[in-house]
Amino acid sequence: KAQNPVIVADRMARTPQGRDRLVELAEALQCPVIDTGGRSNFPNRHYLCQTGRSAALLAQADLIVGLELNDFYGTLHAFSDRIVRRSRRISRADAHTISITARQLSPRANYQDFQRYQDIDLVIAADAEQTLPSLTDQVKRLVDADRRSVFEARGKSLQAAYHSMVEQWKSDATIGWDASPITIARLCAELYDQIRNDDWSMVGNGNRVVWPRRLWNFDRHYRWIGSSGGSGIGYNAPASLGAALANRKYGRLSVAIQGDGDLMFCPGTLWTA
């Protein structure tokens, strides 16, 4: 019955079926999905993939469903820990929250690993990917004609917002196109132009390099291996090498964008390679 529901997926899709299951649920509800990139949770060219509008969606959401979120508090708040530590809520104070995560099955005592504690209305201790088929079945069973018309209208609005967002990204990517040094946007656009017809897999990406998720087509589960889950510095290079070794038997082209500062933590990766 929510008017503005939002699904946020983090480390949800453990298998290739995870993406398909989330697509089925999102389409049944015509509900936007924010894919944090913890795993390859949702095809980025599906109109319900609204990751680029996460701030606006969370600000108006009356229901937020988190699937295997590492940091539910960080999803609902903007947090800064520079000179002065401060945080502010970016979601509605009256928004209902639901968390489906297997993390609830391994609670800690003195030392916690969930960042800041977030009070959640309904916590379901379960594997999110395994839960989705039964959840989707229940949604379809409970939806009547009136709600279906509401969902259709919501879907049309989201589709228009998605296409507007993509066109804005394309326009933004051209800013400083001929600049020297080359812009990150052009680097990513030119790189994709070279690999788009290959069976590629992005095995690593530098911090805050957002353009591949905007410009490339992540249409298969192995196009993206997911993030570290712990934001550890020095993760990108060794993770990229490990994924490239796993891809080798499939003949896939492994691609990584490697930041120099991050590489300084584990330069031995190059020797290992």
Please lay out, stage by stage, how S240 and Q258 fare under the test side chain to side chain donor-acceptor pair (under 3.5 Å). CA-CA 9 Å; S240 300; Q258 177 64 56; 4.8 Å; no

Tell me whether R92 contacts the main-chain N or O of Q60 through its side chain, where contact means a donor paired with an acceptor under 3.5 Å. yes

Are any side-chain N or O atoms of D172 and backbone N or O atoms of A185, one a donor and one an acceptor, separated by less than 3.5 Å? no

If only atom types and distance count, is the side chain of Q30 paired as donor or acceptor with the main-chain N or O of E27 below 3.5 Å? yes

Co-members of the apolar cluster containing Y250 [side chain, <4.5 Å]: none

Separation between CZ (R53) and CG (L158), nearest 0.5 Å, reads 6.5 Å

Using 4.0 Å as the upper bound for N to carboxylate O, is an ion pair formed by R21 and E24? no

Flag, side chain of Q3 to backbone of K1, donor-acceptor distance under 3.5 Å: yes

Closest non-hydrogen atom pair, S171 against T174: O-OG1, 2.6 Å

Do W216 side-chain atoms and C188 backbone N/O form a donor-acceptor pair below 3.5 Å? yes

Measuring from Q168:CD to M165:CE, what's the distance to the nearest 0.5 Å? 11.0 Å

Verify same cluster id: W177, Y192 (apolar side-chain graph, 4.5 Å): no

Less than 4.0 angstrom from a charged side-chain N to a carboxylate O is my criterion; do R141 and D137 meet it? no

Correct closest heavy-atom pair for F72 and I64 would be CZ-O, 4.1 Å

Determine, using ring centers only, whether W200 and F218 are less than 6.0 Å apart. yes

Between CG of L67 and CZ of F42, what distance do you get to the nearest 0.5 Å? 11.0 Å

Between the main-chain N or O of R103 and the side-chain N or O of T101, is there a donor-acceptor pair closer than 3.5 Å? yes

I'd like to know if the side chain of S157 and the backbone of A153 have a donor-acceptor N/O pair within less than 3.5 Å. no

Contacts table for residues 76-84: side-chain donor-acceptor under 3.5 angstrom, sequence neighbours left out:
unit_1 : atom_1 : unit_2 : atom_2 : d
H77    : ND1    : Y73    : O      : 3.0
D81    : OD1    : R85    : NE     : 3.1
D81    : OD2    : R85    : NH2    : 3.3

pair R19-H221: side-chain heavy atoms closer than 4.5 Å: yes

In the structure I gave you, are the side-chain heavy atoms of D35 and N44 within less than 4.5 Å of one another anywhere? no

Do side-chain atoms of S201 reach the backbone of V203 as a donor and acceptor pair under 3.5 angstrom? no

Check: R14 side chain, D127 main-chain N or O, donor-acceptor pair, under 3.5 Å: no

Show, in sequence, the C-alpha distance, side-chain angles and deciding distance for I7 and L25, and conclude whether the side chain to side chain contact (heavy atoms under 4.5 Å, CB included) test is met. CA-CA 10 Å; I7 297 171; L25 174 62; 4.0 Å; yes

Would you check, one step at a time, whether the test side chain to side chain contact (heavy atoms under 4.5 Å, CB included) holds for N4 with L63? CA-CA 7 Å; N4 296 299; L63 173 65; over 6 Å; no

So, is the end of the R252 side chain (NZ or CZ) under 6.0 Å from the ring centre of Y222 and within 45° of the ring's axis? yes

In this structure, CE of M202 is separated from CG of L253 (nearest 0.5 Å) by 11.5 Å

Straight-line distance of R11 CZ to N70 CG, nearest 0.5 Å: 6.0 Å

Counting only N and O atoms by type, is there a donor-acceptor contact under 3.5 Å from the side chain of N236 to the main-chain atoms of N205? yes

Between T131 and I124, is there a side-chain heavy-atom distance shorter than 4.5 Å? no

In S91, P32, P5, the residue satisfying side-chain contact (heavy atoms from CB on, under 4.5 Å) with L57 is P32

Which pair of non-hydrogen atoms, one from A61 and one from A95, has the smallest distance, and what is that distance? O-CB, 3.4 Å

With rounding to the nearest 0.5 Å, note down the distance linking CG in D10 to OG in S227. 6.5 Å

Tell me, do D62 and H96 make a side-chain contact under 4.5 Å, heavy atoms counted? no

Is any NZ, NE, NH1 or NH2 atom of the basic residue among R116 and D71 found under 4.0 Å from an Asp or Glu carboxylate oxygen of the other? no

Is there a side-chain contact between P238 and T269 in this structure, where contact means two heavy atoms from C-beta onward sitting under 4.5 Å apart? yes

